[in-house]
Amino acid sequence: MTTTQDFIRLLQERGQLHQCSDEAGLAARFAEGVVTGYIGYDPNAPSPHVGHMANMMMLRRLQQVGGRPLVIMGGGTVKIGDPSFRDDQRKLFDNEQINTNIATFKRVFSNLMTFGEGATDAVMINNADWLDGLSYIPFLRDVGRHFSVNRMLSFDSVKTRMDREQSLSFLEFNYMILQAYDFVELYKRYGCILQMGGSDQWGNIVNGIELGHKMLAKQLYALTCPLITTSSGAKMGKSANGAVWLNAEQLPDFDFWQYWRNTEDADVGRFLRIFTDMPLAEIAKLEALQGAEINDAKKILANEVTAMVRGREAAERAAAAAKGQFEGGAAGDLPSFDFARDKLAAGLPLATLLAAAGLTASSSEARRQIAGGGVRVNDAVVADDKATISLDAANADGAIKLSLGKKRHVLVKAV
């Protein structure tokens, strides 16, 4: 029988364990049979991003050791918005957008774990199923009475806003109560005894454990993973171009692959442990590589993560495109940008096209990059910041290849 020591050891070896509320107690529950655990995600974006992946991998690990993962979509809580470590109130969403986002999350999660009706199959659940139907007075009487406002005010997520004299709405103030109540409902409906999440959610998770004591006289448990940053201190999930989305409709496979290929040298081993299932002994060999050889490990990291999230074929296409770009050959599956043929026919400033294609944030930044020799058109350096581009530069397929530096490339296609 799998024990929680196996699960916790797995998380420790992979660099994914930060806190556990009661390791011995949880070990005993694992010894009794299948443990059901969950992580909640508010569908406040069109896709999960790389910043979600560390705790998504915890659910994957739980299923790997014989537990049952629950993916809780916050279709109810997203209508309020988590105030944790925010300077302002989150955008509120209507039901149509919420349901659209949830459908995308389900597609992404389906690549990371097996969903179904088996004992250890993952289940995706919308907390609107119970939150939307709550009656206000009974909820205050049965649930709200177990929360101390004094203690709630001491939580970092609230205290930070108060200390900065930034508004915290009563709507947001209720978020932690609803999150705690989710844990109670999931125990009653699914026998769920474990909540997991990022370390910044520890206080909210403990609230759920305490509410389980008070309302059900049951022992619940918590596990958190550390928040992942790069060696240079950057937050995971962001790139120079914005969020690194897990869904291919929000970010092309090539750009996703390239994000991992550009991992800092010092992070390669750590990211291989957290974001792949590769054997630890093999990872140890890869992270020991020095100099230019570390790039081979980065390619493996990019291949493995892309294959897991986007599929093996997507990873192979992206790798082939990168090989064509950096080692000679065809452009392959480089990201593309459609541009009006009539505008290209008339000709327009290269700086304008660079900004429109998303390679630079503005035309002025594009001109600086051109003047500095950092821009190429069809692999030829262009140093004139007043240069214009027309259809004359297009190949037989009507495409123009734009490059910024050595790692960012776009095919502009005339349509």
Side-chain angles (χ1 to χ4, degrees), residues 1-41 52-72 109-125 183 186-187 190-202 205-206 208-209 212 218-228 236 267-287 300-301 304-305 307-309:
M1 176 65 68
T2 299
T3 71
T4 195
Q5 294 295 337
D6 296 320
F7 183 47
I8 289 178
R9 182 169 61 249
L10 177 61
L11 294 182
Q12 288 173 331
E13 291 173 345
R14 294 280 172 176
Q16 291 179 259
L17 181 65
H18 183 70
Q19 293 166 298
C20 180
S21 61
D22 179 2
E23 185 174 331
L26 191 54
R29 296 303 299 270
F30 264 83
E32 294 172 3
V34 175
V35 166
T36 300
Y38 89 95
I39 299 178
Y41 302 87
H52 292 111
M53 273 198 68
N55 57 52
M56 293 168 74
M57 291 298 292
M58 293 178 79
L59 288 173
R60 180 178 173 89
R61 308 286 185 215
L62 178 63
Q63 188 171 57
Q64 288 173 337
V65 301
R68 179 171 65 158
L70 303 182
V71 181
I72 309 306
F109 270 96
S110 294
N111 292 327
L112 297 178
M113 58 197 72
T114 301
F115 285 80
E117 299 181 358
T120 63
D121 284 344
V123 182
M124 179 170 279
I125 306 156
F183 207 169
L186 289 168
Y187 176 83
Y190 298 91
C192 180
I193 63 167
L194 173 64
Q195 182 179 176
M196 299 181 289
S199 58
D200 60 335
Q201 290 294 314
W202 180 254
I205 296 174
V206 169
I209 292 176
K218 299 295 182 180
Q219 180 62 58
L220 305 177
Y221 303 89
L223 271 173
T224 62
C225 63
L227 297 181
I228 309 300
M236 287 290 290
D267 291 326
V268 172
R270 183 163 61 106
F271 287 1
L272 281 167
R273 281 187 286 273
I274 294 173
F275 300 112
T276 80
D277 294 331
M278 291 181 63
L280 295 174
E282 188 173 346
I283 292 173
K285 294 177 182 178
L286 290 172
E287 69 178 332
I300 292 172
L301 171 65
E304 292 303 308
V305 178
M308 181 172 58
V309 176

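Excluded from the calculations below are hydrogen atoms, water molecules and symmetry mates; all remaining heavy atoms, backbone and side chain alike, are included. Just so we're clear, the structure is a prediction, and the values are computed from it rather than from any experiment.
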Visitor: Do you know the tightest heavy-atom contact between I228 and A54?
Guide: CG1-CB, 3.7 Å
Visitor: To the nearest 0.5 Å, what is the distance between OG1 (T114) and CZ (F109)?
Guide: 14.0 Å
Visitor: Under the criterion side-chain contact (heavy atoms from CB on, under 4.5 Å), I'd like the reasoning laid out for V123 against E117: C-alpha separation, chi angles, the key distance, then a yes or no.
Guide: CA-CA 8 Å; V123 182; E117 299 181 358; over 6 Å; no
Visitor: Among residues at least two apart in sequence or on other chains, which ones pass side-chain hydrogen bond (donor to acceptor under 3.5 Å, both in side chains) with Y41?
Guide: N55
Visitor: Can you find a pair of side-chain heavy atoms, one from L59 and one from L112, that are under 4.5 Å apart?
Guide: no
Visitor: Applying side-chain hydrogen bond (donor to acceptor under 3.5 Å, both in side chains), can you list everything that pairs with S21, at least two apart in sequence or on another chain?
Guide: none
Visitor: Determine whether V65 and R9 satisfy the following criterion, side-chain contact (heavy atoms from CB on, under 4.5 Å), listing intermediate values before the conclusion.
Guide: CA-CA 11 Å; V65 301; R9 182 169 61 249; over 6 Å; no
Visitor: Do I125 and Y38 come within less than 4.5 Å of each other through their side chains, counting heavy atoms only?
Guide: no
Visitor: Sequence neighbours left out, what passes side-chain hydrogen bond (donor to acceptor under 3.5 Å, both in side chains) with E13? Give chain and number order.
Guide: none
Visitor: Are any of the side-chain heavy atoms of I72 and Q195 separated by less than 4.5 Å?
Guide: no
Visitor: Specify the closest pair of heavy atoms between G269 and I283, including all atoms of both residues, with the distance to one decimal.
Guide: O-CG2, 3.7 Å
Visitor: Return the CD to CD1 distance between Q16 and I274, rounded to the nearest 0.5 Å.
Guide: 6.0 Å
Visitor: Contact between N111 and M308 at the side-chain level, heavy atoms closer than 4.5 Å - yes or no?
Guide: no
Visitor: Would you say the side chain of F7 lies within less than 4.5 Å of the side chain of L26, judging by non-hydrogen atoms?
Guide: no
Visitor: Is M196 close to I205 at the side-chain level, that is, under 4.5 Å between some pair of heavy atoms?
Guide: no
Visitor: Side chains of L223 and H18: closer than 4.5 Å at any heavy-atom pair?
Guide: no
Visitor: With rounding to the nearest 0.5 Å, note down the distance linking CD1 in I39 to CG in L70.
Guide: 10.5 Å
Visitor: Calculate, to the nearest 0.5 Å, the distance between atoms CE and CG belonging to M57 and L62 respectively.
Guide: 12.5 Å
Visitor: Nearest 0.5 Å please: distance from the CG atom of D22 over to the CG atom of L194.
Guide: 11.5 Å
Visitor: Got a sec, which residues hit side-chain hydrogen bond (donor to acceptor under 3.5 Å, both in side chains) with R68, two or more places apart in sequence or on another chain?
Guide: T36
Visitor: Quick one: side-chain hydrogen bond (donor to acceptor under 3.5 Å, both in side chains) pairs with a partner in residues 267-283, sequence neighbours left out?
Guide: R60-D277, R61-D277, Q64-D277, S231-D267, D267-R270, R273-E287
Visitor: Tell me, please, which residues at least two apart from F275 pass ring pair (Phe, Tyr, Trp, His ring centres under 6.0 Å).
Guide: W260, F271
Visitor: May I have the step-by-step check of side-chain contact (heavy atoms from CB on, under 4.5 Å) for V35 and Y221, ending in yes or no?
Guide: CA-CA 11 Å; V35 166; Y221 303 89; over 6 Å; no
Visitor: Working to the nearest 0.5 angstrom, can you tell me the gap between Q12 CD and C20 SG?
Guide: 9.5 Å
Visitor: Determine, step by step, whether T120 and Q63 satisfy the side chain to side chain donor-acceptor pair (under 3.5 Å) criterion, reporting the C-alpha distance in whole Å, the side-chain angles of both residues, the deciding distance to 0.1 Å, and the verdict.
Guide: CA-CA 6 Å; T120 63; Q63 188 171 57; 5.2 Å; no
